[in-house]
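Here is the structure we will look at, set down as structure tokens.
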Amino acid sequence: MVVVRPPVQRMSSLFARTLREDPSDATIASHRLMVRGAYIRPLGAGIFSYLPLGWRTLRRIEQIVREEMDAIGCQELLMPVVHPSTLWERTGRFGSLGPELVRFKDRADRNMVLALTHEEIALDLAARLVGSYRQLPASVYHFQTKFRDEPRPRGGLLRTREFTMKDAYTFDPSPESLDATYRHFVRAYVRAFRRCGIEPLVVESDASAMGGSDADEFHAMTSAGEDTIVVCTSCDYGANQEVATTRPPDPDNAEPLPMEKVETPGHETITAVAGFLGLPAHRTLKAVFYWTGDQIAFVAIRGDLEVNEAKLRGTLGAPDLRLAADQELTAAGLVPGYASPVGIDQVTVVVDRSVECTSNLVAGANMPGFHLLNVNFPRDFAADHVADIAAVAAGDPCPKCGAALELRTGIEIGNTFKFGAYYSDKLDASFLSEGGSPQPIVMGSYGIGITRLAAAIVELHHDDHGIIWPASVAPYDVHLVQLGKAEVQEAAERLADDLEAAGLTVLVDDRDESAGVKFNDADLLGIPIRCTVSRRTVRADAVEIKLRHQDERGQVAAADAVARIRAEHDALVAALSPDAPLPDA
RNA sequence: CGGGGCGUGGCGCAGUCUGGCAGCGCGCAUCGUUUGGGACGAUGAGGUCGCGAGUUCAAAUCUCGCCGCCCCGACCA
């Protein structure tokens, strides 16, 4: 077998340029450091080139994910980025997705799309290739460029329009079989993230979109994240704030009193009304109005709570929810500031469960300057929906154990989703069961944002000087700083060759730069092990070794250097153990 | 899509209010001196001041229009 080993990479010829100063448009650490360290360069909003260093890192991340996918029997393939719209029309997404789906026409005037995910294509393949239950379960994955025309790209690789995603699709004969498959994926995901240096937080996520029954998200917990996660301070409960719940408020069981109209001139907000009447906010009823696209939804919630729009969306089945404008309220006969659910028809009324268990609330009278005392549901007004639509706040009781919940921020680096037969029904994707009858394929979908994962790793692994890559994903294993020419250069080249022969990848800084520049660049690039070869070390017949994440540096005898560095490297990788007990997902 | 900010050499910025030679630091090139935490000296290259109209004797600077990028929000992996 022919093995072609590339020559040792020298900094002098690396296709890169590190920057001394932060790029002016970068605010978060990963964005700043990846641009400064010549890992990425922007081309447009949310569109990046991956320079050689960045691409090497992405490929190492990919390889870890690939190994974990292969380990659970998922098979790699590659599906196209540009699709005819046909399948997307059959599932309805060609029409239902917004402008994030890039649509265009080919020369023959056919509708085409840039894939932002691959459910349609994967399931279509499964439908064509799988005929019998004997071929199930089956699963496939690929690493592919996705394009989503995001309304607002941000934070370097944190949220881009073009990105690389590992997406996997599973096909099972039954929901029970999918449950087992799903557990394998969750386990593989946790392993993959741990090997990349991230302890993920697995939380419940919104499964309502696209008919899913169950969904989890995997988060890298850092303040740079965009998602708010609700976690229990005592038990293992965790959920995206979009779907997080708390214990229902205790019913107050107070005797309903007769309704009474009071004058409250100029008091239009909860705080103002409560203050004026000398009542706490939780004795009031807040009215919030949303426009669903074809009608107004009147949301009644206890005055001290906020509406969770994701929950409301689910309750109403209205994906395009927004707050209603005052003119829309007036047109519907409502009085902004004094709106009341009492005596209202023509609008959909959604009542939060907090209102159901609280008596004698203060609500608007639907007349300017007046409120009603002692409003009671359902005595005084009707609801189209009674549901939990309140946003969970810090300190609320955990729905599982009752301890206080807390809010944290995270970067969503992966998600898993049970679709069931949602797409299979639309695409007619079925198999013949043991009994000989056609059954819809039971589908699951699983994503890991590879480029975002790289950003998350940097967010969690950096200091003031630069990146500190986990050894598993660093672009090179060893950063060899060569301080000098002649015999120093010879020693450095010999060491580099020996390290590579020992299976390590080496970046040699052979540039004619001052030691300070080289050390600072080494810190910036973040390769886990730094070796220095200089006149000083050559004279001592030694090599200096420093780990990026530690301050101390030490010398070892030149003869022992390779073995020592190899051992340090192996220890660093071994520390990224994927085998700790899994969090209960 | 709403709000805010910014577009001047490769990078970071000043100059714009008050129109009058396009500047500074870093980087880059050549030579010399340096060489363990962002060296020093000398010389030098490099800019349609985002684009297009307009006002003016004269526009980076004033006016109008457009484009791009970043941040906050809305939204989303």
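We use all heavy atoms of the structure for the numbers below, so side chains are in, but hydrogens, waters and symmetry mates are not. Quick caveat: nothing in here was measured; it's all calculated off a predicted structure.
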**OP:** Using the P atom on both, measure rC64(B) against rC21(B) and round to a whole Å.
**Re:** 25 Å
Subject >> Base versus backbone protein contacts along nucleotides 34-46 of chain B [heavy-atom cut-off under 4.0 Å; B, S, -] >> reply: --BBBS-------
Original post:
Rounded to whole angstroms, how far apart are CZ on Arg161(A) and P on rG68(B)?
Top reply: 9 Å
Original post:
Got Val113(A) and Val102(A) here, is their nearest side-chain heavy-atom distance under 4.5 Å?
Top reply: no
**OP:** Could you tell me which nucleotide pairs with rC26(B) by Watson-Crick or G-U wobble geometry, both distances under 3.5 Å, or answer none if nothing does?
**Re:** rG10(B)
**OP:** Determine which nucleotide pairs with rC21(B), using a 3.5 Å limit on both distances of a Watson-Crick or G-U wobble pair.
**Re:** none
**OP:** Could you check how far CG of Leu312(A) sits from P of rC75(B), rounded to whole Å?
**Re:** 12 Å
Original post:
What does Glu412(A) touch in the nucleic acid at a heavy-atom separation under 4.0 angstrom: a base, only the sugar-phosphate, or nothing?
Top reply: sugar-phosphate
Subject >> Asp25(A) or Arg452(A), whichever maps to the more 5' nucleotide of RNA chain B >> reply: Asp25(A)
**OP:** Can you tell me the pairing partner of rG41(B) across any strand shown, Watson-Crick or G-U wobble, with both distances under 3.5 angstrom?
**Re:** rC31(B)
Subject >> 5' precedence on RNA chain B between Phe163(A) and Arg17(A) (nearest-nucleotide basis) >> reply: Arg17(A)
Original post:
Contact class for Gly225(A) vs. all strands (heavy atom < 4.0 Å): base, sugar-phosphate, or nothing?
Top reply: nothing
Subject >> Residues Glu199(A) and Arg194(A) bridged, charged N to O under 4.0 Å >> reply: yes
Original post:
Does the pair Glu120(A)/Arg93(A) count as a salt bridge with the N-to-O cut at 4.0 Å?
Top reply: yes
**OP:** Considering only atom C1', compute the distance from rG19(B) to rC62(B) and round it to an integer number of Å.
**Re:** 8 Å
**OP:** Examine the base of rG27(B) for any acceptor or donor lying under 3.5 Å from a partner atom in the side chain of Glu21(A), and report the outcome as yes or no.
**Re:** no
Subject >> For rU63(B), the Watson-Crick or wobble counterpart (both distances under 3.5 Å) >> reply: rA53(B)
Original post:
Between His83(A) and His118(A), does the ring centre distance come in under 6.0 Å?
Top reply: yes
**OP:** Under the side-chain hydrogen bond (donor to acceptor under 3.5 Å, both in side chains) rule, what do Ser30(A) and Glu459(A) come out as? Steps first, then yes or no, please.
**Re:** CA-CA 5 Å; Ser30(A) 60; Glu459(A) 289 299 331; 2.7 Å; yes
**OP:** Take atom C1' in rU18(B) and the same atom in rA58(B), then report the distance between them in whole Å.
**Re:** 16 Å
Original post:
Reckon Ser24(A) has a side-chain N or O less than 4.0 Å from the OP1 or OP2 of rC13(B)?
Top reply: yes
Original post:
Can you tell me how far P of rG10(B) sits from CG of Asp22(A), to the nearest Å?
Top reply: 20 Å
Subject >> Pair Gln482(A)-Asp510(A), side-chain donor/acceptor within less than 3.5 Å >> reply: no
**OP:** Name the nucleic acid region contacted by Gly44(A), choosing base, sugar-phosphate or nothing; use a 4.0 angstrom heavy-atom cut-off, strictly under.
**Re:** sugar-phosphate
Original post:
Which whole-number value in Å describes the distance from Asp216(A) CG to rA77(B) P?
Top reply: 15 Å
**OP:** Could you list all the side chain to side chain donor-acceptor pair (under 3.5 Å) pairs where at least one residue sits in residues 484-494 of chain A, not counting sequence neighbours?
**Re:** Arg10(A)-Glu493(A), Gln489(A)-Glu493(A)
**OP:** If rG73(B) has a Watson-Crick or G-U wobble mate with both distances under 3.5 Å, name it; if not, just say none.
**Re:** rC1(B)
Original post:
Salt bridge or not for Glu100(A) and Arg161(A), using N-O below 4.0 Å?
Top reply: no
**OP:** Check the distance between rC69(B)'s C1' and Arg41(A)'s CZ and give it to me in whole angstrom.
**Re:** 15 Å
**OP:** May I ask you to say whether Arg66(A) pairs ionically with Glu76(A), meaning some side-chain N is under 4.0 Å from a carboxylate O?
**Re:** yes
Original post:
Side chains of Tyr189(A) and Thr416(A): is there a donor and an acceptor less than 3.5 Å apart?
Top reply: no
Subject >> Between rU55(B) and rA14(B) - C1' atom distance, rounded Å >> reply: 27 Å
**OP:** Taking atom P in both rU8(B) and rC70(B), compute the distance separating them and give it to the nearest angstrom.
**Re:** 14 Å
Original post:
Which part of the nucleic acid, if any, lies within reach of Glu242(A) when heavy atoms closer than 4.0 Å are counted: base, sugar-phosphate only, or nothing?
Top reply: nothing
**OP:** Quote, to the nearest angstrom, the P distance that separates rA42(B) from rG54(B).
**Re:** 47 Å
**OP:** Please measure how far the C1' atom in rG20(B) lies from the corresponding atom in rG25(B), and state the result in whole Å.
**Re:** 26 Å
**OP:** Could you work out the separation of rG9(B) and rU30(B) based on their P atoms and round it to a whole Å?
**Re:** 24 Å
**OP:** Look at Arg154(A) and rC70(B) and indicate whether a side-chain polar atom (N or O) is within less than 4.0 Å of OP1 or OP2.
**Re:** no
**OP:** Take the protein atom CD1 of Ile450(A) and the nucleotide atom P of rA77(B), then report the distance between them rounded to whole Å.
**Re:** 17 Å
Original post:
What does Thr160(A) touch in the nucleic acid at a heavy-atom separation under 4.0 angstrom: a base, only the sugar-phosphate, or nothing?
Top reply: base
Original post:
Ile40(A) has an atom CD1; how far is it from atom C1' of rC11(B), in whole Å?
Top reply: 16 Å
Original post:
Could you state the CG-P distance from Asp149(A) to rC75(B), rounded to the nearest angstrom?
Top reply: 18 Å
